[in-house]
Number of protein chains: 2
Amino acid sequence: MYELFFQKFQEKVPLTDEEQEQIKAYLTPKKLRKRQYLLQEGEVCKAIAFVERGALREYSVDNGSEHILQFAIEGWTISDLFSFLTGEQATYNIDALEDAELVLITKGAHEELLKKQPKYETYMRLLITGAYIALQRRLTSNISLPVEERYTSFTEMYPDIAQRVPQHMIASFMGVKPETLSRIRKKMADRK
Amino acid sequence: MYELFFQKFQEKVPLTDEEQEQIKAYLTPKKLRKRQYLLQEGEVCKAIAFVERGALREYSVDNGSEHILQFAIEGWTISDLFSFLTGEQATYNIDALEDAELVLITKGAHEELLKKQPKYETYMRLLITGAYIALQRRLTSNISLPVEERYTSFTEMYPDIAQRVPQHMIASFMGVKPETLSRIRKKMADRK
DNA sequence: ACGTTTCATTGACAATAGTCAAGAGTGTTT
DNA sequence: AAACACTCTTGACTATTGTCAATGAAACGT
């Protein structure tokens, strides 16, 4: 249990067996069925979730239309960090696209681990730094590139997600309508 | 010297006088004239820069057109983090929009401080976490909202930047052409 | 104070993306 | 097997944004 979680952890920060056991004591397993919510807008986000198996999405809703901020498959971490850290209401929803097994770090666990295990703080710092750099790149491509090129680089960067997730969600992730993405794919196919 | 740097630091992590002196020893002051580069695409980013005075921008260039990823005025931190951390070539440019005074944390200083001063690591973690949350919000508004609403929330969120920076750079930051922003502003003005 | 560059605005037109509606194909449930 | 929900595609039309070019105003450097 928690194999993938500790594999990813140790890629960033190596741990002794004792340290691993110590951290393990703070983790909570959770299973989620397809379509089940992990978090709904308006609630307070009570945990950071690491995905051991399955696929989730994080999205906001605006006039009834959904905008996907993030996907998370095996090995990824997902949360509404702002709500988690401040205790304010969440502005995002998180739900399961496939049946999923998660490792939760609750708020209490997070605070204790920060106090007691310096390597946890280092891991968190590196995790967020990586997420920040990835997000900068995504934003850069969003303001710089035409939709077609954004789609191409998405499928190249995340071929696994592109296959597992419905197209209209990829459109939503990219910030365009499903019809638009469909037409772009057609144009790309016609050129070949 | 470094007043604002330590003010911002202590807002996140309080320091004793000795700790402050210890950290101060690792910092490097730097002045930049308007239009001068702090970093050019292709170089390796050698420092994280904190702005004591003045204004900078970070941007990428794509077919001759510039796309602004970030502004940084007094109290903000700016860097090509990916290049800084990995030693790879920078993909962004950073230059001064106004004469500026900076506090630099060089790569060597960063590594030493991480080893010797746990509060520095905590500060970095909190700094990047805040930047990450802000970036998530910006991306959400980019994929969710029409240009006009993005412009309004930009001017409300950063009225100081909106005043100090040329309009075409705000357009670039938002991912639209200067003509488009100009027309949107006209439409907003006409409605009143 | 001068000439030069940078900026913002506007117009005419082209390209791109959104909207609304219909239909076909899948897979699931009962 | 029939009914249903979900997904993707396509067409016709609208709205938004980009492109190119010109102009006037402001800011800048010397």
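Quick note on labels: first sequence line is chain A, next is B, and so on, each numbered from 1.
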To the nearest angstrom, the CG-C1' distance between A:Leu181 and D:dC8 comes to 10 Å
Mapping B:Glu179 and A:Pro146 onto DNA chain C by nearest heavy atom, which one lands closer to the 5' end?
-> B:Glu179
Would you verify whether the NZ or CZ of A:Arg164 falls within 45 degrees of the ring axis of A:Tyr158 while also being under 6.0 Å from that six-membered ring's centre?
-> no
Determine whether the side chains of B:Glu121 and A:Thr122 contain a donor N or O and an acceptor N or O closer than 3.5 Å.
-> yes
Calculate the interatomic distance between B:Leu97 atom CG and D:dA27 atom C1'; express it in whole Å.
-> 15 Å
Give the rounded distance in Å between these two atoms: CZ of B:Arg183 and P of D:dC20.
-> 14 Å
Tell me which of B:Met169 and A:Val176 sits closer to the 5' end of DNA chain C, going by the nucleotide each one is nearest to.
-> B:Met169
Could you tell me whether the phosphate oxygens of D:dC8, OP1 or OP2, come under 4.0 Å of any side-chain nitrogen or oxygen in A:Lys186?
-> no
Within 45 degrees of the axis of the six-membered ring of A:Phe50 and under 6.0 Å from its centre: does A:Lys8 put its NZ or CZ there?
-> no
Integer-rounded Å distance: C:dT4 C1' and B:Arg35 CZ | 13 Å
Could you tell me whether the phosphate oxygens of D:dC8, OP1 or OP2, come under 4.0 Å of any side-chain nitrogen or oxygen in A:His168?
-> yes
Could you state the NZ-P distance from A:Lys187 to D:dT10, rounded to the nearest angstrom?
-> 13 Å
Compare every heavy atom of B:Thr91 with every heavy atom of B:Asp80, then report the nearest pair and how far apart it is.
-> OD2-N, 3.2 Å
How close or far is atom C1' of C:dT16 from atom CG of A:Asn142, stated in whole angstroms?
-> 16 Å
Is the phosphate of D:dT17, meaning OP1 or OP2, less than 4.0 Å from a side-chain N or O of B:Thr180?
-> no
Whole-Å distance between C:dT26 C1' and A:Gln167 CD?
-> 14 Å
Let me know the distance between CD1 of B:Ile184 and C1' of C:dT10, rounded to the nearest Å.
-> 15 Å
Which nucleotide in the list D:dT19, C:dA8, C:dA17 gets nearest to the side chain of B:Lys177?
-> D:dT19
Proximity of B:His67 and B:Phe173 rings by center, below 6.0 Å = no
